[in-house]
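Below is one structure; the comments refer to it alone.
Every chain is numbered from 1 and lettered A, B, ... according to where its sequence line falls, protein lines coming before strand lines.
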Protein chains: 2
Amino acid sequence: MNVKTLCLAILSFGEATGYDIRKRAAEGPLSYFIEASFGAIYPALDRLWREGLIEKRREARPGRPSRKVYSLTEAGEKALVEALHQPLTPDVFKSEFLLVALLADYVEPKHMAQLAHAKRAELEQRLEQLRSALDACESEAMRWVLSYGIAVHEAAIRFMQVADRPDPSRHCGA
Amino acid sequence: MNVKTLCLAILSFGEATGYDIRKRAAEGPLSYFIEASFGAIYPALDRLWREGLIEKRREARPGRPSRKVYSLTEAGEKALVEALHQPLTPDVFKSEFLLVALLADYVEPKHMAQLAHAKRAELEQRLEQLRSALDACESEAMRWVLSYGIAVHEAAIRFMQVADRPDPSRHCGA
DNA sequence: GTTCACATGTAACAGGTTACATGATTGG
DNA sequence: CCAATCATGTAACCTGTTACATGTGAAC
């Protein structure tokens, strides 16, 4: 999932600036499984443009900073389709939170509880975001992906609600 | 979650070789949220040893290739505890599979169904691994982490079972 | 006899992040 | 006026991966 493909993917939903792309990738409802920073996006966009996979339109709006609006070319769409048929790289999930939870004996229970609480709040916030995105969405594929995220987030939150309790027998996944 | 902390964390469960650590990180039940390759582990181990955070014991066993068994020092345990109290870096989830699912309109339905099937099989395999690890585990913290993984994997599998169906109304997370 | 699991390491390379550099407009 | 948001870009750096390089014993 390199940044180039990511840019093509987002542009397949319509034209956008580098700023837009970064925002959708890092803050939007899709951010639960994609990622990209400015430092990666701008060079990628430039490379894609030089390869003829996207088109650039300079939008100089009086007042506001002028911007470069990119959109997919036919070649770009072809490249995207090809990328989608490439063998998938395995999904990645890395969690420092779980690493700390694994070594919970080394930290004060209070601190651990605080971390768990924060994590739950984070999950709930994302869940809310996913839900409202689902409400406002027509694309079936998008709905599927959003619903997947919702299902997984709900499960994580449910688990933490139960496992938060001090009763150890609750932890055992029975 | 850099490799050094990861090594300390695994060593906190008992002595191990670089080979062991990589195996647990990349193939064990914990691999659902941690990751490390040889090329990262060996240099990290060497650095940790030079910093006095771990001890090295050369085990030259007649016949089998000799190996270096590492174990935490007191300083290492202290360093681990300190690392665990550092502010958490956000969890990372990246999924190329979901990116393709998002753009499902660009691929043949057959191909997409195949990918979904493979993903489900993968999730089920991991789930099995997590379950048997839970059965064989006494540490409460470990049980918690394993159970978390089980809960999330179960939810993902459940979702895919429902959403696999051709009926679109099933997709909408209602 | 050949493949698999054990076992350690290095070097080149890729990929992306962080911090820096700049600047306008809007809203409080 | 000050902060936040919009907007683009570069360069140094870090971290880790991939591929290479090597070797043994066990099991089939």
Side-chain angles (χ1 to χ4, degrees), chain A residues 1-8 10-11 15-28 31 33-50 54 56-70 83 86-87 89-94 96 99, chain B residues 1-8 10-11 15-28 31 33-50 54 56-70 83 86-87 89-94 96 99:
Chain A
M1 201 180 43
N2 55 5
V3 180
K4 270 164 76 180
T5 308
L6 185 86
C7 290
L8 291 178
I10 293 184
L11 288 174
E15 53 171 37
T17 66
Y19 189 86
D20 291 335
I21 292 175
R22 188 245 145 209
K23 207 169 188 198
R24 290 194 214 174
E27 293 168 26
S31 68
F33 70 94
I34 57 180
E35 251 199 339
S37 63
F38 287 130
I41 289 170
Y42 284 120
L45 247 17
D46 195 52
R47 230 165 25 235
L48 286 169
W49 174 72
R50 281 190 312 220
I54 59 180
K56 199 193 313 196
R57 173 165 61 82
R58 216 183 223 96
E59 206 181 87
R61 298 164 313 163
R64 293 199 249 359
S66 76
R67 52 192 211 154
K68 297 175 182 175
V69 183
Y70 293 95
Q86 221 75 10
T89 59
D91 290 359
V92 173
F93 175 56
K94 280 200 243 181
E96 219 168 77
L99 190 69
Chain B
M1 203 182 39
N2 55 2
V3 180
K4 270 165 75 179
T5 308
L6 185 84
C7 289
L8 292 177
I10 292 184
L11 288 173
E15 53 172 37
T17 66
Y19 190 85
D20 291 335
I21 293 174
R22 187 244 146 210
K23 206 170 190 199
R24 291 195 214 172
E27 294 169 25
S31 67
F33 70 94
I34 59 182
E35 251 198 341
S37 63
F38 287 130
I41 289 171
Y42 285 120
L45 247 17
D46 195 52
R47 231 166 24 235
L48 287 169
W49 174 72
R50 281 188 314 221
I54 58 179
K56 201 197 307 197
R57 173 166 61 82
R58 217 183 223 95
E59 207 180 85
R61 298 166 312 165
R64 293 200 250 0
S66 77
R67 52 193 212 154
K68 298 177 181 172
V69 183
Y70 294 95
Q86 220 76 10
T89 58
D91 291 358
V92 173
F93 175 55
K94 279 198 242 181
E96 219 169 76
L99 190 68

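Summarising the geometry, the separation between OH on Y42(A) and P on dC6(D) is reported as 11 Å, rounded to the nearest angstrom. For the pair L6(A) CG and dT17(C) C1', the interatomic distance rounds to 15 Å; values are reported in whole Å. Between the CZ atom of F38(A) and the P atom of dC6(D) there is a distance of 9 Å, rounded to whole Å. Between the CD atom of E96(A) and the P atom of dT15(D) there is a distance of 13 Å, rounded to whole Å. Atom-to-atom, CD1 of I21(A) to C1' of dC6(D) comes out at 15 Å; the value is rounded to the nearest Å.
Within the 4.0 angstrom heavy-atom criterion, no nucleotide atom of any strand lies near K4(A). Among the atoms of the strands shown, none is found under 4.0 Å from any heavy atom of D46(B). At the heavy-atom level, G18(A) lies under 4.0 Å from the strands shown only through sugar-phosphate atoms.
At distances below 3.5 Å, at least one donor-acceptor pair connects side-chain atoms of E96(A) with backbone N or O atoms of T89(B).
Considering only side-chain N and O atoms, T17(B) lies under 4.0 angstrom from the phosphate OP1 or OP2 of dT8(C). Remark: K23(A) is not in phosphate contact with dA7(D), judged by side-chain N or O atoms under 4.0 Å from OP1 or OP2. Residue S37(A) places at least one side-chain N or O closer than 4.0 Å to OP1 or OP2 of dT17(C).
Heavy atoms only, all atoms of each residue included: R24(B) and E15(B) are closest at NH2-O, 4.2 Å. The two residues G18(B) and Y42(B) make their nearest non-hydrogen contact at CA-CE2, 3.8 Å. The shortest heavy-atom contact between C7(A) and A44(A) is SG-CB, 4.4 Å.
Listed candidates were dG16(C), dC6(D), dC6(C). Nearest to the side chain of V3(A) is dG16(C). Picking from dG16(C), dG16(D), dT8(C) the nucleotide with the shortest atom distance to the side chain of N2(B) gives dG16(D). Closest approach to the E35(A) side chain among dT17(D), dC6(D), dT17(C) is made by dT17(C) (side chain taken as heavy atoms from C-beta onward). Here the nucleotide nearest the side chain of A40(A), chosen from dG16(D), dA7(D), dT17(C), is dT17(C). Of the candidate nucleotides dT10(D), dA7(C), dA7(D), dA7(C) has the atom nearest to the side chain of Y19(B).
In this structure, F93(A) and F93(B) have perpendicular ring planes: the angle between them is above 60°, well past the 30° mark.
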